[in-house]
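Please read the structure below before turning to the comments.
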Amino acid sequence: MRRTPLHRVVVPVVALVLSHAVAGAQSNSRDNMTGVWALTNARIETVTKGTIDRGTIVIRNGVIEAVGATITPPADAAVVDLSGKTIYPAFIDLTSSMGLPQPAAGRAGGRGAAPAPFLLPGQEPEVTTEERVVGLEPDRIIAEELRIAPADARSARDQGIGAVLVAPSRGLFRGLSALVPMRDDTAARWIVKTPVALHVGYQTVPGDYPSNLLGVIAYQRQAFYDAQRHAALMERYKANPRGMPRTAHNAELEALVPVVKGDVPAFVAANAENEILRALALGKEFGIKLTIVGAVEGFRAISALKAARPPIVTVDFPQPSQTTGWQYQYATRRDPSDSATRIAAATKAIEGNAAALNTAGVKFALASGGLAANQFMENVRKAITAGLPRQVAVEALTIRAAEAAGVDAQLGSIEAGKIANLLVMQGEALTPGSRLEGMYVDGLQYDVVPAPAAGRGGRGGRAGNPPQMREE
Amino acid sequence: MTIPNFTRHLALAGRHAIALAAASVTLQAQAAPAAGQAGAAEPLALPAPAAGTLVAITNANIMTASHGNIMGGTILIRNGKIAEIGANVTVPAGAQVIDGRGKWVTPGIIDAHSHSANEGINEGSQSVTAEVRMEDVLRQDGISLYRQLAGGTTTVNILHGSANTIGGQNAIIKLRFGLPVDSLKFAGAPPGIKFALGENVRRTSNAQSTRYPRSRQGVEDLLRESFIGAQEYQREWDAYATTKAAWDKASARTRGPAPIAPRKDLEKDALVEVMQGKRLVYWHSYRADEILMALRISKEFGFKPNFTHILEGYKLADELAAAGATASTFADMWGYKLEAWDAIPHNAALMAERGVNVTINSDSDERARRLYQEAAKAMRFGGASEETALRMITLNAAIQMGIEKQTGSIDVGKDADIAIFNGHPFAPASRVDMTLIDGRVFFDRNTAPTLEWLMQLMRIRPRITSEDGGLR
């Protein structure tokens, strides 16, 4: 019998945390991708094909070989009896910057000198010794620079996250993202898909053009016009190079070409109502496949989002004072007690964002928005408390996320042939009493550290978490 | 302290008499539903009014701004347009009647220079940014817009800032506060662009700036250079149009691949539109010498100049009139920088006297709430007639912005953009009771937040310290 850590006896939490701390950074995977597992007697939430009350999943070579109520475990499989447990597809977080170098303030980049972007064909590049401008790098390929530490992957797994989409979190053209499984052994080597999308935002370039939201939008429009033309020039040259002037090589424009042609989607970080509308207008102007990422004020832009590609809705809830319309709310309070009433009403709307979108019939993925994994799950539970059906939340963290990233053939549900990214729960996922008991990522079995009780902060918590009380 | 005492003390307070008027009226209106109270369903919703299809303002003193005053007259509004005006208008059954007895009605006030509904003002990283558009960064929820409505302002010209020689493209909006951002735009308003001269663009205040130009000569040079560049760009497109037409007519067997259009350049597009007369130029200007330079540039490249600030316009009134230039100035702003030293409060009236189309603008969220007081200063200082002063904040501004067919006066067929005052608009104690845009009531003092709310909220109690019991 192989070691089956999911079957360990319940030990005091303190001891568990201790043992985990002692294990340190060393890998806690029990096997490699060639392992064969049969997970038996479990309740299986396939997400796409309903629930199997008591069934078996067979994993081979990191892939789900079979799933069903009447599967016989193959002779070479390690059988894990998961009676009383529920298996879900592992969650996917599409808003991560895990494993990226911390950007230096201002201009930096470390990828050496680059020509000025968006040159006209035939135009001479300016000789420059300046480093690349951070955030203005449409051709930045995230897959080439990922360095994910096992500890980061582990803290994601500890919350049931089996894969993350990595992209820089700032900039106006941020680069091409990669979807990475949360393995310990250099996750970047096992990238599921790259590029997933060109990531776009509304940050300025400090000390340079564009220095203002005005310029950011103008720059993006000009860049897409340039890319359209670049695509036409390249196509003509490719069709018949004879007698044609060669199109100047321009890595930045070439990175935008698949976007304007609709082959690679643009993921645009847009949270406030007006940001969402601006982003969608950009997508419409250029006919690009555009996915809104963030949409924390989606409840104010429901009709626009309904007409768009399914958004990736994050749960990094804004403060009421950061929301559209708050100035009026604040200025028209009647008395001090009215302030509290209005803050409470605004908070309810903010946490009810996903619920409102769901009620309106908008399909969406849920994502962290950069929150630490434990805070991410806590905020998802808040969204559920605010009216989001739990089943919809599970779908939004699995199959909808996989669809948004274009990997629904590989991830997001429990189906034969998909990658074996699974989570094992005691109880129902995203309910207060439930407990994550283990993870499979690429068919590798991983222990997890149980999540601390809500409100007690915990590993990887955000700076805003209340400090843990210490009893002397 | 009880409220009757409070108002009595205010009444004694001399210069605070205006505040008293506001307080006592609004206290009587407490029973009316408060616009500021948040609905449970949409706690961050703004107070958008219902659309009025048939509205009558009766028995009011109507200042049309185009054809004199009608005392005790009625305005009938159908579907947002002024349908009838006169002393003997029959009010149809079912009309929403606004009792205008004792009230003065003016056209909705137009602010020809504003920065109050936008998230970005200057793309200051370059001196030529014709490609940026204020319409990209509009916001609908600033409390300032509501305050401006409370001052009878209905239409504003959102301009780029004055950091650049050639700034960004403007956005003319109506203050439809409470509606989504794309509802703000003034349909059919001609596009415009901000140009700037003098201290701001040559970066006088920033010793570190290395941006060209650093002098007024440089500003003129950069302007000419930019337009010549745009002319070349236009020739490139004209040549392409000829080639393309020939290609279209040529035999499909013998012709080569289709010609590819020149690069679309958003910056040059805007300047070409200026030279074609499709885009209005608003020159930020102070000194007479640079205004003459701007007149020469405008003539050289064939467009009609509109000036803003133009504090030394009175020195050039004949030249401005001869050039068909319009002038939008401050009532009495003076000496706030070196180039504002020669300003005089008679400027507006003197230019108007010589036949220049003159407007008085705010360039300020604060002054935009009381442009009617600013216009009154043109009567006080320059001896302008009542109608001339009124036109400076209504019809003349509409003419400058090219929207005089839709708004700017109370005439049949125009948009029902109307301000209703409780007294003569140029009397110092008068204030706006109601503001309509397209026949919809966007501001109503009866339902607006009151002074009493504010006092409660700030826990302010009137301090009575002087011997006569007045408020200090």
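Side chains are part of it too, since the values below use all heavy atoms of this structure and drop only hydrogens, waters and symmetry mates.
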message = Can you give me the closest heavy-atom contact between B/S144 and A/Q327, atom names plus distance?
response =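 Here B/S144 and A/Q327 meet closest at N-OE1, 4.5 Å.
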
Closest approach of A/N212 to B/G120 (non-hydrogen atoms, all atoms of both residues) =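 Looking at all heavy atoms of both residues, the shortest contact is OD1-CA, 3.4 Å.
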
task = Please determine, among B/G168, B/A261, B/G124, the option with the most heavy-atom pairs under 4.5 Å with chain A.
result =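 Highest number of pairs under 4.5 Å: B/A261.
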
message = Which one wins on heavy-atom pair count under 4.5 Å against chain A: B/L138, B/T129, B/D182?
response =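 Highest number of heavy-atom pairs under 4.5 Å: B/L138.
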
Roughly how far apart are [X] [atom1] and [Y] [atom2], rounded to 0.5 Å?
{"X": "B/I260", "Y": "A/R236", "atom1": "CD1", "atom2": "CZ", "answer": "4.0 Å"}
{"X": "A/R221", "Y": "B/L266", "atom1": "CZ", "atom2": "CG", "answer": "5.0 Å"}
{"X": "A/L214", "Y": "B/H160", "atom1": "CG", "atom2": "NE2", "answer": "5.5 Å"}

[X] vs [Y] side-chain heavy atoms within contact, under 4.5 Å:
{"X": "A/D226", "Y": "B/R263", "answer": "yes"}
{"X": "B/D265", "Y": "A/Q222", "answer": "yes"}
{"X": "B/P257", "Y": "A/M244", "answer": "yes"}

ask   = Regarding A/N274 and B/Q140, is there a side-chain donor-to-acceptor distance under 3.5 Å anywhere?
value =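 Yes, a side-chain donor-acceptor pair sits under 3.5 Å.
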
task = Please state whether the side chain, the backbone, both or neither of B/Q126 comes within less than 4.5 Å of a heavy atom of chain A.
result =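 Contact with chain A is through the side chain of B/Q126 alone.
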
request  = Please determine if B/E119 and A/R278 form a salt bridge, counting it only when a charged side-chain N lies under 4.0 Å from a carboxylate O.
outcome  =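 Result for this pair is yes, salt bridge flagged.
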
What part of [X] is in contact with chain B, defined as an atom under 4.5 angstrom from a non-hydrogen atom: side chain, backbone, both or neither?
{"X": "A/Y225", "value": "side chain"}
{"X": "A/L213", "value": "both"}
{"X": "A/Q228", "value": "neither"}

task = Might you confirm whether atom CZ of B/R203 has over 12 heavy atoms from other residues, nucleotides or ligands at distances under 6.0 Å?
result =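 Yes, enclosed.
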
request  = Answer yes or no: does atom OH of A/Y330 have more than 12 heavy-atom neighbours from other residues, nucleotides or ligands under 6.0 Å?
outcome  =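 It does not: A/Y330 OH has 12 such atoms or fewer within range.
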
request  = I would like to know whether A/E273 and B/R139 meet side-chain contact (heavy atoms from CB on, under 4.5 Å); could you show each step before the answer?
outcome  = CA-CA 10 Å; A/E273 172 187 352; B/R139 64 177 291 191; over 6 Å; no

ask   = chain B: which of A/A218, A/S211, A/S337 shares the most heavy-atom pairs with it under 4.5 Å?
value =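 Of the candidates given, the most pairs with chain B belong to A/S211.
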
task = Test B/V132 against A/I217 for side-chain contact (heavy atoms from CB on, under 4.5 Å), laying out the working first.
result = CA-CA 8 Å; B/V132 310; A/I217 295 170; over 6 Å; no

